[in-house]
Protein chains: 2
Amino acid sequence: MTTIKDIAKVAGVSITTVSRALNGYSDVNEKTRKKIMQVAKDLNYSPNTLARSLVMNKSKTIGLIVSGMTEANKKDNFTFEVLSGANDCISERDYDLVLFSTTTAKQREKTYSQLCRERRVDGAIVQGMKIDDPYLKEVIESDIPCVLIDIPIESDTVGYVTTDNVLGARKAVRHLIELGHKNIAMINGHNQAYVSIKRLEGYEKSLQEEGFPVNQSWILDGSFSEEKAYEQTLVLLRNHPEVTALFCASDLMALGAIKAAKALGMDVPRNLSVIGFDDILLSSYSTPQLSTVGQNIFQLGYQAANLLIDMLEVKTKSHVCILDTELIARESTCKAQNDQD
Amino acid sequence: MTTIKDIAKVAGVSITTVSRALNGYSDVNEKTRKKIMQVAKDLNYSPNTLARSLVMNKSKTIGLIVSGMTEANKKDNFTFEVLSGANDCISERDYDLVLFSTTTAKQREKTYSQLCRERRVDGAIVQGMKIDDPYLKEVIESDIPCVLIDIPIESDTVGYVTTDNVLGARKAVRHLIELGHKNIAMINGHNQAYVSIKRLEGYEKSLQEEGFPVNQSWILDGSFSEEKAYEQTLVLLRNHPEVTALFCASDLMALGAIKAAKALGMDVPRNLSVIGFDDILLSSYSTPQLSTVGQNIFQLGYQAANLLIDMLEVKTKSHVCILDTELIARESTCKAQNDQD
DNA sequence: TTGAAAGCGCTAACAT
DNA sequence: ATGTTAGCGCTTTCAA
């Protein structure tokens, strides 16, 4: 493997000059530069980033730390979208992406900062972590620049990217209200997720705004799981036949809810309007097609990377980025059937 | 950041001893080792893998080279499954995964071996490449150990992992034949993919085996695209009403084909049986649920990584791994309606 | 404009 | 069982 030493020898200059020429420094004679470039090409030279990183003390590498990659996550494609987005930005800005996937078990073996320091990543993006995750404390305590996805923690070295979940939830609920629904229930995700808390907040606010009471027995925990949502919806629909509309904190749960309604012989949307959150791929392929609040998960990843690299290169204004949502009305919601009229 | 030098100073030994102790060499006194371990812990030491890699001339890093990550690939989740599988194996075997996503444009800027050599990856997994891709030549010429996914090239340093596509296709066609179909058409992927060639081969073989003629006008190119398959199916169905069953080389194309049949007022499976290939997530959520030939894409990635690391660590027997498929009969195929009876 | 020399953190002969 | 020394490939003072 060719090194700058080899080039120096062939070109008849010192390694310093080669280094300077190759890195585009101005203080090198145009003629020698040409010569060096040519020799480098002839010798099929590739720089050794390991050596460079070692001496410069930065690796131009971003770690993407993903928690629980092997689980149900595949159904919503969330992780992959984030990864794609992050990867796009990272390669645009001439960094590399190394992937660390962790599990709760793994976190006991090796701490977050060990992970990052060993591989000498310049910074990290953290996705899929629950708010009670052991890594989270470390992230904050460590001095490694880090951007969290969907966890609102900010400090000198940590920022975050998330969607405006309160507003998103409000769009969903307002949509149902505009369709004439008054008895609107909610299937939420587990409460170790920040987004659950926010989506619930949006739900409650919207109802209060209209003077509708917030009925706690209409709010169930679907844990972001299709199956759990199925079961919970079954319970809900049996005990509360007055409910005509359902807001689910994720599309996957909405899909489960629709299955439950069907199992009870109900028609969606005629007997029950269902709206989800995310706009995953399945939503537009299911029957009926799912109405939902779309969030741009690719952008979540892209902006996370962008923010992080800004932080690394000290182009920093803010450490926070909030993305918008978009109401997508498809087939699973319709006007309330007004029996009283 | 703590280095072994710091540890040496505090522990009152030489850096060599520290290195040896930390790496579990036997020729170090148990007492000094204990001491060193303790100091390392106290100082919150993390080894610098950059430095280690530089001197050992291997990085314990695998490059995953993905082509065209931003495209339609999201719908079938193929890339993500491969990535998950590879990542699982790689972290089990104590390597790290760095992701390179390339496009045809990017390949002009930086060659495959440049990419690998710069980052000093020990080996590479290549996914999503077409058989006329410029990288492919480089992969073969380069001496960097490499495993290809779905491209059957083998040499001293390159191996491959793929599914038994001929047999898979035969399972699909045989399934249709067993249901009594005689006029079985095929929507294939583009022919820059090895898998297309193999699936076509399986299709033709199965027909010939039964003494059915292979009708070239029943074989169309859907380019692995849902939309293209939609269009092609429209053409096929209009021109060849005698066709009662359709084998698609991917589920996504099968979904497009079903849409086309519906658009022509046909019922699937009553008027047309459709079977796909892959068993993507959408297949079990669509209406009707798609019959298909399932391949284990996660395993494709996992085995690729496994094979590569075997090659790196010279535990090599073979450089090839062929995975099996599984027929999954769901709702989109049924018995042929025998008008003649 | 160029070169000599030091050093990034680590491993690995080769002594002792 | 431990230490001395050299060197991996590169960047960066400092001098010339």
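We name chains A, B, ... by the order of the sequence lines, and we start the count at 1 in each one.
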Problem - B:Leu43 backbone acceptor or donor facing B:Thr2 side chain under 3.5 Å - result: yes
Fill in the blank from the handout: Contact check, residues 27-34 of chain A vs DNA chain C, heavy-atom distance under 4.0 Å, returns A:Asp27, A:Val28, A:Asn29, A:Thr32
Exercise for the section: Check salt bridge (Lys or Arg N to Asp or Glu O under 4.0 Å) between B:Arg33 and all other residues, then give those that pass, not counting sequence neighbours. Expected result: B:Glu30
Practice task
Take the C1' atoms of the five end pairs on each side of the helix from C:dT1-D:dA16 to C:dT16-D:dA1, derive the two axes, and give their angle rounded to 10 degrees.
Solution key: 40°
Problem - Under the side-chain contact (heavy atoms from CB on, under 4.5 Å) test, residues paired with B:Asn57 that sit two or more places apart - result: none
Practice task
Starting at the 5' end of nucleotides 8-16 of chain C, put B wherever the base has a protein heavy atom under 4.0 Å, S where only the sugar-phosphate does, and a dash everywhere else.
Solution key: BBSBBB---
Fill in the blank from the handout: Under a 4.0 Å heavy-atom criterion, DNA chain D is touched by chain B from D:dA1 to D:dG9
Completion exercise
Output for pair (A:Leu300 CG, A:Glu81 CD), nearest 0.5 Å, gives 10.0 Å
Handout entry: Partner residues of A:Asp96 under the salt bridge (Lys or Arg N to Asp or Glu O under 4.0 Å) criterion, sequence neighbours left out
Key = B:Arg119
Practice task
Ignoring hydrogens and angles, tell me if any N or O in the side chain of B:Thr79 forms a donor-acceptor pair with the backbone of B:Met69 under 3.5 Å.
Solution key: no
Problem - Under the salt bridge (Lys or Arg N to Asp or Glu O under 4.0 Å) test, residues paired with B:Asp6 that sit two or more places apart - result: none
Handout entry: For B:Ile15, side-chain contact (heavy atoms from CB on, under 4.5 Å) partners two or more places apart
Key = B:Ile4, B:Lys5, B:Ala8
Practice task
Would you check if B:Tyr95 and B:Ile309 make a side-chain contact, meaning some heavy-atom pair closer than 4.5 Å?
Solution key: yes
Completion exercise
For A:Phe80, the ring pair (Phe, Tyr, Trp, His ring centres under 6.0 Å) test, sequence neighbours excluded, returns B:Phe80
Can you give each donor-acceptor pair under 3.5 Å made by side-chain atoms of residues 147-160 of chain B, sequence neighbours left out, with the distance rounded to 0.1 Å?
| from | atom 1 | to | atom 2 | distance (Å) |
| --- | --- | --- | --- | --- |
| B:Asp150 | OD1 | B:Thr162 | OG1 | 2.5 |
| B:Ser155 | OG | B:Thr157 | N | 3.2 |
| B:Ser155 | OG | B:Val158 | N | 3.2 |

Exercise for the section: Sequence neighbours left out, what passes side-chain contact (heavy atoms from CB on, under 4.5 Å) with B:Glu141? Give chain and number order. Expected result: B:Lys137
